[in-house]
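Working notes, beginning with the structure itself.
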Amino acid sequence: MIHHKKLVLITIILSLLAGCKSNQSPSLNETPEQPEPTLPTLDHVVFSEVMTGADNNNNLDFIELYNPQFEAVDLDGYTLQYQLDQDSESIVLQEWEVYTLIPAFGYYLLGYEGEDLNIITDSVFKQNLLPNKGSLFLLDADGSVQDSLCWGKQPCENSEGAPAPSPAK
């Protein structure tokens, strides 16, 4: 009977010890636990790439949108606008009036009408993008700016930070 009590007592002590954490520093061979890195997440469609012409072809323009979300986004009601500078009116490049999905982690490509990009575009626009300055705005169905970008010599009032340099050709 005493032997059985010792066995139970030893089992309880070992269980308690197993549940205790050590306050000691890790040895040289051990790596301390690091928190899992997390990437920032966006909850809206963004501009992923813009091209404003190329050498020997000022019309080779395209705009690529990216959906960084885990769910598809319907562009119905969205508007893509281009503005040459702060003193000019915005030009509507694209108005989505029908169910148009960008899949989760997917892209949507708009190209300048009549230009061959060597890839199938999802849509076309009819206004050249000037390489020395301009702004693009993606507005949702409520008219809220979802993403914007600007480039060139003039500051952009609706974009974050300073304008990007004019694209090189």
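These figures come from a predicted structure and were not determined experimentally. For this chain, numbers begin at 1 and follow the sequence in order.
- In this structure, Tyr66 has its ring center no closer than 6.0 Å to that of Tyr108.
- Shown here for Ala104 and Glu71, the closest heavy-atom pair between the two residues is CB-N, 3.8 Å.
- Atom CD of Glu64 is separated from atom CG of Asp122 by 9.5 Å, given to the nearest 0.5 angstrom.
- Looking at Leu138 and Val145, their side chains never come closer than 4.5 Å, going by heavy atoms from C-beta outward.
- Met51 and Val46 sit in two unconnected hydrophobic clusters of ILVMFWY residues. Membership requires side-chain heavy atoms under 4.5 Å apart, directly or through other members.
- Between the Trp96 side chain and the Asp74 main chain, no donor and acceptor come within less than 3.5 Å of each other.
- Side-chain contact check for Leu93 versus Ile63: some heavy-atom pair is nearer than 4.5 Å.
- The side chain to side chain contact (heavy atoms under 4.5 Å, CB included) check on Asp142 picks up Asp140, Ser144, with sequence neighbours excluded.
- Without hydrogens or angle criteria, Asp61 side chain to Leu129 main chain gives a donor-acceptor distance under 3.5 Å.
- Listed for the Thr121 side chain is no donor-acceptor partner under 3.5 Å among the backbone atoms of Gly111.
- Annotation for His44 and Pro68: closest pair O-CD, 3.2 Å, computed over non-hydrogen atoms.
- Applying the side chain to side chain contact (heavy atoms under 4.5 Å, CB included) rule to Val92 yields the partners Thr79, Gln81, Glu95; only residues at least two apart in sequence or on another chain are considered.
- Phe125 and Leu84 fall within a single hydrophobic cluster, where Ile, Leu, Val, Met, Phe, Trp and Tyr side chains are chained together by heavy-atom contacts under 4.5 Å.
- Under a hydrophobic clustering in which Ile, Leu, Val, Met, Phe, Trp and Tyr are joined whenever their side-chain heavy atoms come within less than 4.5 Å, directly or via other members, Leu60 and Leu109 fall into the same cluster.
- For the pair Leu80 and Leu110, the minimum side-chain heavy-atom distance is below 4.5 Å.
- At least one side-chain heavy atom of Leu136 sits less than 4.5 Å from a side-chain heavy atom of Trp151.
- Looking at heavy atoms from C-beta onward, Leu65 lies out of side-chain contact with Tyr107 at the 4.5 angstrom threshold.
- For the pair Val124 and Gln94, the tightest heavy-atom approach, listed with the atom from each and the gap, is O-OE1, 3.4 Å.
- With Asn67 contributing its side chain and Gln69 its backbone, the two residues share a donor-acceptor pair below 3.5 Å.
- Proximity of a side-chain donor or acceptor of Asp76 to a complementary backbone N or O of Thr100 within less than 3.5 Å is not detected.
- In the hydrophobic clustering of this structure, Val73 does not group with Leu101; members are Ile, Leu, Val, Met, Phe, Trp, Tyr whose side-chain heavy atoms approach within less than 4.5 Å, directly or through other members.
- Ile119 and Phe62 fall within the same hydrophobic cluster, where Ile, Leu, Val, Met, Phe, Trp and Tyr residues are linked whenever their side-chain heavy atoms come under 4.5 Å apart, directly or through other members.
- Taking each heavy atom of Ala141 and Tyr78 in turn, the nearest pair found is N-CD1, 4.2 Å.
- Here the OH-NZ distance, from Tyr112 to Lys126, works out to 10.0 Å after rounding to the nearest 0.5 Å.
- The two residues Tyr82 and Lys133 make their nearest non-hydrogen contact at OH-O, 3.8 Å.
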